[in-house]
**Q** 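Take a look at this one; I'll ask things after.
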Amino acid sequence: MHSINRIIKDSLNEYLFNKKIILLIGARQIGKTTLLKEIIAEQKQKTLWLNADEGDIRAHLQQADTSTQLMNIFGQATLIVIDEAQQIENIGLKLKLVADTFPELQIIATGSSAFELLQKSSEPLTGRKKEFNLFPISFTELVNHSSLIEEKRMLENRLLYGSYPEVLNNPGNEKQVLQDIVNSYLYKDVLRYEGIKKSSIIEKLVLALALQIGNEVSYNELAKTIGNINAATVEKYIDVLEKAFVVFKINALSRNVRNEIKKGKKIYFYDTGVRNSVINNFNSLELRNDKGALWENYLIAERIKRNSYTNHFCNSYFWRTFDQAEVDYIEEYNGHLNTYEFKWKTNRKKVPASLSANYSIASSNFIEIDNYDSFLQD
């Protein structure tokens, strides 16, 4: 598959040489390098690429404490990329120095760990940065690359193998590529966090989460399942997995309506291929008993990408009561609630009466194979 045009490329180009540090954040192996190399080739600026995964480069940048020392590293370059910048101590202060002293330079810092890069750069770069999130290839990007008909034909493949660039570029070898991603990259940033020393605990936690997509999770129950860990540590590790773009969390909608779940949460994977690799199940959909959960995960993950790329800022929830009335997904936008039910096969039903009786519902939507493209593109 030829290079796929990423939706945020135009926005990134608009911010170049606009006196802002650009932060490009996303999981490892999802195309940050490819995107930036395309942009660099079109800019025709003198460019310096610094990969902080390289020990000597990281050491040089960590030792540079003044703007003069930093400029000695940058030389004559006007466009500087610092890849995996979260690995550099005090990266925020260093970037602030450059932004304040040499505003004509364009710095792009990439990171595969939102927590580390944003934590290290947030306060020093207040008012001086623009953040962009990059995800696995989105439904819309794939439609733009081929066609809507072709992409809908590939639906089962997407549910089984996801849409990491390397997976898309190796048809027929998806399982091996996903195994490499999971084994080599998935936990790389997670295990660098202070206090996370046992990879086996993280692996067990990710496996437990993968087996529970579409269901509410309990930190206490997860702790019991994994063993030798408490609920507080489970919560901490899940937070780290979120910041490393492995999973994301959806909370329960609760406004003190009687009988509704107050503190529930569901956890999904950003990529269904990664999820299936974790549980080592690539069976066809007709042989799976988790088809509905996989469909729900895929749609919500794609909706998250769509909302991010279109600047559709909303609160996302699910809703359930103790007597099992539920709604899969709710978006609160400008004070209005829009509900979504995900059905693999047509099985339309009404919004639960207890929800509509206690909340003002702007729209009720039933998403299935026949109309899912509009949910992911409109």
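Side-chain atoms are counted along with the backbone in the values below, which use heavy atoms only and exclude waters and symmetry mates. Keep in mind the model is a prediction, meaning the values are calculated, not measured.
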**Q** Any salt bridge linking Glu331 with Arg303? Criterion: basic side-chain nitrogen under 4.0 Å from a carboxylate oxygen.
**A**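 The answer is yes: the pair qualifies as a salt bridge.
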**Q** Whether Glu156 and Arg158 form a salt bridge (side-chain N of Lys/Arg under 4.0 Å from carboxylate O of Asp/Glu) is what I want to check.
**A**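 A salt bridge is absent here (no side-chain N lies under 4.0 Å from a carboxylate O).
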**Q** Which residues satisfy the side chain to side chain donor-acceptor pair (under 3.5 Å) test with Asn251, sequence neighbours excluded?
**A**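 Checked Asn251 against side chain to side chain donor-acceptor pair (under 3.5 Å); zero matches.
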**Q** Please check: side-chain N/O of Arg320 versus main-chain N/O of Ala252, any donor-acceptor pairing under 3.5 Å?
**A**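 Not a single qualifying donor-acceptor pair exists.
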**Q** With a distance cut-off below 6.0 Å to the six-membered ring centre and an angular limit of 45° from the axis, does Lys37 pair with Trp49 as a cation-pi contact?
**A**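 Relative to the ring axis of Trp49, which defines the angle, Lys37 lies inside both limits.
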**Q** Check Arg6 with Glu141, please: is the shortest side-chain N to carboxylate O separation under 4.0 Å?
**A**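 So Glu141 pairs with Arg6 through a salt bridge.
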**Q** Please list, chain by chain and in numerical order, all residues satisfying ring pair (Phe, Tyr, Trp, His ring centres under 6.0 Å) with His312, sequence neighbours excluded.
**A**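 If we apply the ring pair (Phe, Tyr, Trp, His ring centres under 6.0 Å) test to His312, skipping adjacent residues, the hits are Tyr333.
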**Q** Quick one: does Asp271's side chain have a donor or acceptor within less than 3.5 Å of a partner on Val274's backbone?
**A**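 Here the side-chain-to-backbone pair exists.
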**Q** About how many Å separate CD1 of Ile330 and CD1 of Ile361, when rounded to the nearest 0.5 Å?
**A**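 It is 6.0 Å, given to the nearest 0.5 Å.
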**Q** Can you list the residues that meet the side chain to side chain donor-acceptor pair (under 3.5 Å) rule with Tyr270, with sequence neighbours excluded?
**A**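 Checked Tyr270 against side chain to side chain donor-acceptor pair (under 3.5 Å); zero matches.
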**Q** Determine, for Asp239 against Lys249, whether the closest basic-nitrogen to carboxylate-oxygen distance falls under 4.0 angstrom.
**A**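 A salt bridge is absent here (no side-chain N lies under 4.0 Å from a carboxylate O).
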**Q** Any salt bridge between Glu151 and Arg153, counting N to O under 4.0 Å?
**A**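 Result for this pair is no, no salt bridge flagged.
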**Q** Only counting residues at least two apart or in another chain, list the ones meeting side chain to side chain donor-acceptor pair (under 3.5 Å) with Glu326.
**A**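 Once residues adjacent in sequence are excluded, Glu326 has no partner under the side chain to side chain donor-acceptor pair (under 3.5 Å) criterion.
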**Q** When you measure from the centre of the six-membered ring of Phe132, is the NZ or CZ of Lys32 closer than 6.0 Å and no more than 45° off the axis?
**A**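 Negative - Lys32 is either too far from the ring of Phe132 or too far off its axis.
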**Q** Without hydrogens or angle criteria, can the side chains of Asp65 and Gln69 be said to hold a donor-acceptor pair below 3.5 Å?
**A**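 On atom types as modelled, these side chains do not qualify, holding no pair under 3.5 Å.
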**Q** Testing the 3.5 Å rule here: is there a donor-acceptor pair between the side chains of Tyr329 and Ser316?
**A**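 Yes, Ser316 and Tyr329 have a side-chain donor paired with an acceptor closer than 3.5 Å.
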**Q** Could you tell me whether Glu84 and Arg58 have a side-chain N and a carboxylate O separated by less than 4.0 Å?
**A**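 No, no charged N to carboxylate O under 4.0 Å.
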**Q** Are the charged groups of Asp290 and Arg275 less than 4.0 angstrom apart, N to O?
**A**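 Arg275 and Asp290: salt-bridged.
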**Q** Would you say Asn371 and Ser374 are linked by a side-chain donor-acceptor pair, where the criterion is simply a distance under 3.5 Å?
**A**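 Judged by distance alone, the side chains do not pair up.
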**Q** With the threshold set at 4.0 Å, does a side-chain nitrogen-carboxylate oxygen contact exist between Arg128 and Asp100?
**A**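 Looking at Asp100 together with Arg128, the answer is yes, because their closest N to O distance falls below 4.0 Å.
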**Q** Identify whether the distance between the nearest side-chain nitrogen and carboxylate oxygen of Glu296 and Lys266 falls below 4.0 Å.
**A**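 So Glu296 pairs with Lys266 through a salt bridge.
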**Q** Starting from the C-alpha separation in whole Å, work towards a yes-or-no answer on side-chain hydrogen bond (donor to acceptor under 3.5 Å, both in side chains) for Thr110 and Asp83.
**A** CA-CA 5 Å; Thr110 82; Asp83 204 8; 2.4 Å; yes
**Q** List for me each residue that meets ring pair (Phe, Tyr, Trp, His ring centres under 6.0 Å) alongside Phe375, sequence neighbours excluded, and say none if there are none.
**A**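 Phe375 satisfies ring pair (Phe, Tyr, Trp, His ring centres under 6.0 Å) with Tyr340, Phe342 once adjacent residues are dropped.
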**Q** Test of understanding: with ring pair (Phe, Tyr, Trp, His ring centres under 6.0 Å), list the residues that count as partners of Phe139, not counting sequence neighbours.
**A**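 With sequence neighbours excluded, Phe139 shows a ring pair (Phe, Tyr, Trp, His ring centres under 6.0 Å) to Tyr372, given in chain and number order.
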**Q** Quick one: does Asn297's side chain have a donor or acceptor within less than 3.5 Å of a partner on Ala293's backbone?
**A**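 Side chain of Asn297 to backbone of Ala293: no pair is present.
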**Q** Examine distances only and state if a side-chain atom of Lys175 and a backbone atom of Ser277 form a donor-acceptor pair shorter than 3.5 Å.
**A**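 Answer holds: no.
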